[in-house]
Student: 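Next up is a structure, given as structure tokens.
Because the structure is a prediction, the values reported are computed rather than measured.
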Amino acid sequence: MEKKTMLYEGKAKKIYATEDPGVVLVAYKDDATAFNGQKKGTILGKGAINNRMSAMLFTLLEKKGVPTHFIEQTSDRESLVKRVEIIPLEVIIRNVAAGSFSKRYGVAEGTVFDLPTFEFSYKNDDLGDPLINESHALAMGLASQVEMDQIRAYAHEVNRVLREFFMEKGIDLIDFKLEFGRWEGRVILADEISPDTCRFWDRATGKKLDKDRFRQDLGNIEEGYREIISRLED
Ligand code: TMP
């Protein structure tokens with residue numbers, strides 16, 4: 001078979017060209033990093049699980065009217081997606097305090113918000129993905145006002161859809177990070193939606209079923225990933 005041309009290698013995924021210039025192949029890796037790459041490890045089976053979960057959730061979101069880059073899953077750990085120009089913003093919605101929110105503002109982890117919060121980070125590894133506001137992003141030309149408004153609306157819609165979907169599976173969606181891309185003049189949802197990019201807590205026990213098991217050395221990391229995907233595929 002013809003050797004695929006790799007276009008980009010990130011911390012958790014590789015991107016390959018296909019014969020169609022408008023389509024790329026995403027290959028999910030088992031590599032895991034935290035704290036801007038300072039902590040490194042491997043989570044066996046993670047790539048396949050993140051691929052399956054992203055495929056499932058992008059398909060659900062498309063059905064609910066949120067456009068995504070997802071085309072189809074082609075193997076255990078690979079999917080075809082539309083080639084987009086990534087907007088360098090990490091878009092984060094939180095339903096419950098955890099992670100950097102708890103640390104930054106001194107709010108106890110587990111504090112439930114009346115309304116979801118919305119924030120951006122500037123996606124820039126050299127700077128450690130700093131928190132920025134909308135006027136900063138506009139000033140830096142990272143996105144237009146129209147794109148910002150679209151991103152905010154889609155992010156809240158993703159939260160409504162996913163929160164309900166996970167609740168039915170007995171899981172609380174605590175927070176998550178999205179990335180958007182430009183495609184044919186529009187903004188569409190890109191990247192992945194997985195236990196690497198979301199916090200999932202078991203509703204009954206509060207058990208963490210996401211990458212915090214790796215970030216915080218909680219043990220049973222692979223088991224957490226396997227448990228969440230098996231709940232979704234039940
Ligand atoms: P935070 O509480 O560390 O800011 O994380 C918020 C959410 O974003 C959480 O669900 C994990 C996710 N996330 C990423 O997907 N990538 C990252 O690099 C970081 C720091 C967080």
Student: Under 4.0 Å between a Lys/Arg side-chain N and an Asp/Glu carboxylate O for Asp125 and Lys11?
Tutor: yes

Student: For residues 191-234, pull every pair meeting ring pair (Phe, Tyr, Trp, His ring centres under 6.0 Å), keeping only residues two or more places apart or in separate chains.
Tutor: Phe166-Phe200

Student: If the condition is side chain to side chain donor-acceptor pair (under 3.5 Å), which residues does Asn50 pass it with, not counting sequence neighbours?
Tutor: Glu192, Ser194, Asp196

Student: Report the residues that fulfil side-chain contact (heavy atoms from CB on, under 4.5 Å) with Arg213, sequence neighbours left out, ordered by chain and then residue number.
Tutor: Lys207, Lys208, Leu218, Asn220, Ile221

Student: Consider only side-chain N and O atoms of Asn159 and Asn95, and report whether a donor and an acceptor are under 3.5 Å apart.
Tutor: yes

Student: Going by an N to O cut-off under 4.0 Å, is there a salt bridge joining Lys64 and Glu157?
Tutor: no

Student: Run the ring-centre check on His136 versus Tyr122 and record whether the distance is less than 6.0 Å.
Tutor: no

Student: Quick one: side chain to side chain donor-acceptor pair (under 3.5 Å) partners of Glu164, sequence neighbours excluded?
Tutor: none

Student: Could you identify which residues cluster with Ile86, counting Ile, Leu, Val, Met, Phe, Trp and Tyr as linked when any side-chain heavy atoms lie under 4.5 Å apart, either directly or through a chain of such contacts?
Tutor: Val84, Trp183, Ile188

Student: Could you list the residues that satisfy side chain to side chain donor-acceptor pair (under 3.5 Å) with Arg152, not counting sequence neighbours?
Tutor: Glu134

Student: Give the other cluster members for Val146, using side-chain heavy-atom distances under 4.5 Å between Ile, Leu, Val, Met, Phe, Trp and Tyr residues; answer none if it is isolated.
Tutor: none

Student: Please enumerate all residues that pass ring-ring contact (aromatic ring centres under 6.0 Å, His included) together with His156, with sequence neighbours excluded.
Tutor: Phe118

Student: Please name all residues satisfying side chain to side chain donor-acceptor pair (under 3.5 Å) with Glu78, sequence neighbours left out, ordered by chain then number.
Tutor: Lys4, Ser75

Student: Any salt bridge between Lys82 and Glu184, counting N to O under 4.0 Å?
Tutor: no

Student: Listed by chain and number, what are the side-chain contact (heavy atoms from CB on, under 4.5 Å) partners of Arg215, not counting sequence neighbours?
Tutor: Ala34, Phe35, Arg199, Lys211, Asp212

Student: Before accepting this row, confirm whether a basic side-chain N of the pair Lys46/Asp30 lies closer than 4.0 Å to the acidic partner's carboxylate O.
Tutor: no

Student: Please evaluate residues Ser100 and Arg94 with respect to the criterion side chain to side chain donor-acceptor pair (under 3.5 Å), reporting the C-alpha separation (whole Å), side-chain torsions for both, the decisive distance (0.1 Å), and the verdict.
Tutor: CA-CA 11 Å; Ser100 69; Arg94 302 175 192 269; 3.1 Å; yes

Student: Could you list the cluster mates of Tyr105? Members are the ILVMFWY residues connected by side-chain heavy atoms closer than 4.5 Å, either directly or through other members.
Tutor: Phe101, Val107, Phe113, Leu131

Student: Once side-chain contact (heavy atoms from CB on, under 4.5 Å) is applied, do any residues pair with Arg182, and if so which ones, sequence neighbours excluded?
Tutor: Glu85, Ile87, Ala143, Glu147

